[in-house]
Colleague: 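Structure provided below as structure tokens; questions to follow.
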Amino acid sequence: MAALPDKDRNRLDDTITRLHTVNGRLWDTEDRVRGALLSAAQVADCKREIDQLNAERNLLAERADEVLGSLADAGRADVPLHTETLASVVDRLSVLTLRIWHSERAAARDELARRRVPALHGQREELCAALDALVSDVVAGRRRLPVPARFKLYGRDDAAPAEIKPSRRLRWVLAFGGLSECGKSTSAEFVQRTCGAQRFKIGFLLRQAAHREGLADPYALSPRRQAELLLGELNRFADAHVDTELFTIESVHDDTSIAELKRLMGDALQIVYLDAPFAVRVERSGTPAQAVAAKDEIKMSRGAHQVAALADHVIDNTGSIAALRARLRRIAAPPASTELRAATPYGLGLPAAVASATADFTDAVRAYGPGVRLAALTGSPGEGSWIAGWSDLDLLVIAEHEAIGRVHEALAQYRTALGGAASLGPTLVTPGELTARRLTPRLAFALHQLQQGSPVLHAAPGLELPKISRGELAFAAVRELPQVILTMRRLRADAGPTALRQLYKHLVLACRLLLREHNSGSPAPIGSSPQPPACRA
């Protein structure tokens with residue numbers, strides 16, 4: 001145990017504790033079915049419970065062997081093969097411990113049980129000594145262990161139910177696969193934290209489905225049936241949580257069952273395979289190469305390495321964390337073609353001088369060709385509520401890196417043409433930054449505005465924009481509020497008339513953000529200019 005990494009030692013401790021608990025429940029259930037008079041239905045229920053517990057017992061023993069197998073010297077193929085695995089011995093030790101416990105309690109009223117207790121303790125001492133000796137031989141390479149898979153068929157039921165289809169509320173599922181220490185859990189956690197995904201382990205979903213269906217061992221079922229059980233659980237959760245738009249499942253170790261799930265779900269399931277060389281994974285894990293190799297061997301026996309051939313996305317996870325996260329964001333929330341409504345500056349309710357300057361700027365960036373992907377006035381111009389002398393011109397430009405210099409030239413001419421008629425606030429982003437979802441709260445709202453039909457001045461053909469959900473918009477409001485409060489405090493320290501105007505606008509915006517945060521409704525979104533007071537001194 002001391003030779004194991006902390007992660008594996010904790011996993012083994014938890015697994016053996018659960019194994020002993022399951023054996024205790026098995027003992028109690030078998031006593032119950034043999035005890036009082038039961039109806040046929042009650043006996044059948046007990047039998048199903050015993051089958052379920054036996055399946056869980058075997059699953060836990062296999063899981064314990066996955067960890068214990070890493071202690072073995074894998075380089076000796078010519079040494080004698082032991083008849084059972086280490087977890088099998090531990091399981092027998094668990095049962096023997098329970099037998100002693102029950103016998104000691106029966107000894108007060110049963111002479112036979114009282115005479116058995118010393119012999120049982122002797123058996124336990126012998127078994128412990130035998131286990132110690134076996135572990136020493138295995139670690140030293142003097143003895144080999146058999147393959148730990150038990151292939152039990154408890155509750156096997158390959159009868160196909162009615163055709164199951166994805167729920168209409170199950171919109172997007174990412175399935176993460178790969179070998180040991182490749183970054184599956186880290187990636188799923190990042191998508192959960194940044195994109196609001198609901199995260200599941202495949203093993204958890206299968207166990208839940210098996211319990212619901214009265215099946216003891218879902219891994220004994222056909223790949224098609226396993227896929228149907230997985231989809232059924234995902235459907236059930238999606239129907240109960242209608243606001244959840246993204247799910248992740250991990251870890252994909254069985255290529256056949258995930259292939260069946262892909263057939264059932266189509267493009268709504270995106271298989272993501274994370275790849276990294278063995279040496280890189282060993283270095284990142286901080287564990288001996290032997291331990292990582294042992295885990296790989298188990299996963300590859302189930303087809304984990306073959307998932308790469310089925311994957312929609314294969315990510316080479318040898319680069320930077322930033323590159324990985326950008327790729328994950330694009331997969332979790334892919335950009336989509338958006339139907340944009342074009343309008344001329346003269347149709348936005350702008351004064352003639354402002355509209356003329358804006359038209360000249362639009363002609364200039366349009367002449368730059370596909371390097372400039374979009375130009376739009378967001379906020380009050382898009383809503384038709386722009387007020388001269390009060391509202392700013394919030395300009396959004398999406399342009400490739402090579403076009404940024406020319407956009408700067410056009411902006412300088414735009415400012416000169418505006419004179420003092422309006423204050424210009426440009427935001428310049430690249431398409432790559434958008435698809436990687438490097439979005440500030442105000443930029444997120446500007447994109448949401450465009451998706452809701454606010455007009456644009458110019459849009460290149462085939463433009464794709466990240467889709468901004470209502471949940472993401474609400475979260476953006478929460479992130480924006482602290483910045484607005486800090487800006488208010490800074491403006492309050494400035495006694496100038498320009499600062500007073502800005503202070504009022506930020507005060508109203510803060511109130512609207514608070515209303516949105518408390519679900520009280522807010523007619524104005526992030527970044528829009530509030531209307532001036534009816535009377536101003």
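These numbers were taken from a predicted model, which means no experiment stands behind them. FYI, the numbering just counts along the sequence from 1.
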Colleague: Given side chains that start at C-beta, do those of H305 and K299 come closer than 4.5 Å, heavy atoms only?
Modeller: no

Colleague: For the pair N10 (side chain) and D6 (backbone), establish whether a donor and an acceptor sit closer than 3.5 Å, ignoring hydrogens and angles.
Modeller: yes

Colleague: Check whether any side-chain heavy atom of L439 sits under 4.5 Å from a side-chain heavy atom of L447, and report yes or no.
Modeller: yes

Colleague: Take I202 and D254 through the test side-chain contact (heavy atoms from CB on, under 4.5 Å) and record every step on the way to the result.
Modeller: CA-CA 10 Å; I202 286 181; D254 186 342; over 6 Å; no

Colleague: Please answer whether the main-chain N or O of R327 pairs with a side-chain N or O of H313 as donor and acceptor at a distance below 3.5 Å.
Modeller: no

Colleague: With side chains defined as the heavy atoms from C-beta onward, is the minimum distance between S423 and L393 less than 4.5 Å?
Modeller: no

Colleague: Evaluate side-chain contact (heavy atoms from CB on, under 4.5 Å) for Q226 paired with L206, printing each intermediate quantity in order.
Modeller: CA-CA 7 Å; Q226 290 184 41; L206 281 176; 4.0 Å; yes

Colleague: How about I404: does its CD1 atom have over 12 heavy atoms from other parts shown lying under 6.0 Å from it?
Modeller: yes

Colleague: If I compare all heavy atoms of A227 with all of S257, which pair ends up nearest, and what's the gap?
Modeller: CB-O, 3.7 Å

Colleague: Any heavy-atom pair between the side chains of L274 and L179 that's under 4.5 Å?
Modeller: no

Colleague: Does a side chain donor of either T430 or E400 reach within less than 3.5 Å of an acceptor in the other side chain?
Modeller: no

Colleague: Between L395 and V397, does a side-chain contact (heavy atoms from CB on, under 4.5 Å) hold up when you go through it step by step?
Modeller: CA-CA 7 Å; L395 175 68; V397 178; 3.9 Å; yes

Colleague: Is L328 close to I315 at the side-chain level, that is, under 4.5 Å between some pair of heavy atoms?
Modeller: yes

Colleague: For residues 412-431, which residue pairs pass the ring pair (Phe, Tyr, Trp, His ring centres under 6.0 Å) check, not counting sequence neighbours?
Modeller: F361-Y414

Colleague: Which residue pairs satisfy the ring pair (Phe, Tyr, Trp, His ring centres under 6.0 Å) criterion with at least one member in residues 258-301, sequence neighbours excluded?
Modeller: none

Colleague: May I ask you to check whether over 12 heavy atoms, not counting those of K201, lie within 6.0 Å of atom NZ?
Modeller: yes

Colleague: Please check: side-chain N/O of T186 versus main-chain N/O of G183, any donor-acceptor pairing under 3.5 Å?
Modeller: no

Colleague: Using 0.5 Å steps for rounding, measure from the NE2 atom of H458 to the CG atom of L374.
Modeller: 7.5 Å

Colleague: Quick one: closest heavy-atom pair of Q198 and T244, and the distance?
Modeller: CB-CG2, 3.9 Å

Colleague: Please check: side-chain N/O of R9 versus main-chain N/O of L4, any donor-acceptor pairing under 3.5 Å?
Modeller: yes

Colleague: Are any of the side-chain nitrogens in D8 or K295 under 4.0 Å away from the carboxylate oxygens of its partner?
Modeller: yes

Colleague: Do the side chains of C182 and N317 get nearer than 4.5 Å, heavy atoms only?
Modeller: no

Colleague: Between E181 and S285, which heavy-atom pair has the shortest distance, and what is it?
Modeller: CG-CB, 3.4 Å

Colleague: Which atom pair, heavy atoms only, marks the closest approach of V280 to T318?
Modeller: CG2-CG2, 4.5 Å

Colleague: Return the CG to CD1 distance between L463 and I398, rounded to the nearest 0.5 Å.
Modeller: 5.5 Å

Colleague: Taking it one step at a time, do T287 and V282 satisfy side-chain contact (heavy atoms from CB on, under 4.5 Å)?
Modeller: CA-CA 6 Å; T287 59; V282 170; 5.8 Å; no

Colleague: Strictly below 4.0 Å, N to O, side chains only: are E260 and R224 in salt-bridge contact?
Modeller: yes

Colleague: I need the full list of ring pair (Phe, Tyr, Trp, His ring centres under 6.0 Å) pairs touching residues 174-205, with sequence neighbours left out, sorted by first then second residue.
Modeller: F200-F237

Colleague: First locate atom CG of L377, then atom CG of L396, and finally report the distance between them rounded to the nearest 0.5 Å.
Modeller: 9.5 Å

Colleague: Check K262 against L269 and note the closest heavy-atom contact, atom names and distance.
Modeller: NZ-O, 2.5 Å

Colleague: Between M488 and A510, what is the shortest heavy-atom contact and its length?
Modeller: SD-CB, 3.9 Å

Colleague: Give a yes or no on whether a salt bridge exists between R11 and D14, defined as a side-chain N under 4.0 angstrom from a carboxylate O.
Modeller: no

Colleague: Rounded to the nearest 0.5 Å, how far apart are CZ of R199 and OG1 of T248?
Modeller: 6.5 Å

Colleague: Please report the interatomic distance OG1(T358) to CG(L348), rounded to the nearest 0.5 Å.
Modeller: 8.0 Å

Colleague: Please examine the side chains of L310 and Q306, heavy atoms only from C-beta on, and report whether any two atoms are closer than 4.5 Å.
Modeller: no

Colleague: Would you call I331 and V191 a side-chain contact if the rule is heavy atoms closer than 4.5 Å?
Modeller: no

Colleague: For the pair E409 and R406, find out whether any cationic side-chain nitrogen is under 4.0 Å from an anionic carboxylate oxygen.
Modeller: no

Colleague: Would you find a donor on one side and an acceptor on the other, under 3.5 Å apart, between the side chain of S301 and the backbone of I298?
Modeller: yes

Colleague: Can you tell me how far the CD1 atom of I164 sits from the CG atom of L231, to the nearest 0.5 Å?
Modeller: 4.5 Å

Colleague: In sequence, state the C-alpha distance, the side-chain angles, and the governing distance for D296 and R281, and then conclude on salt bridge (charged side-chain N to carboxylate O under 4.0 Å, His left out).
Modeller: CA-CA 11 Å; D296 279 353; R281 293 187 285 115; 2.9 Å; yes

Colleague: Do the side chain of R341 and the main chain of G453 share a donor and acceptor less than 3.5 angstrom apart?
Modeller: yes

Colleague: Using the salt bridge (charged side-chain N to carboxylate O under 4.0 Å, His left out) rule, take E245 and R169 through it: C-alpha gap first, then chi angles, then the decisive distance, then the call.
Modeller: CA-CA 8 Å; E245 297 184 352; R169 296 188 176 93; over 6 Å; no

Colleague: Could R302 and E66 be called an ion pair, given the rule that one side-chain N must be under 4.0 Å from one carboxylate O?
Modeller: yes

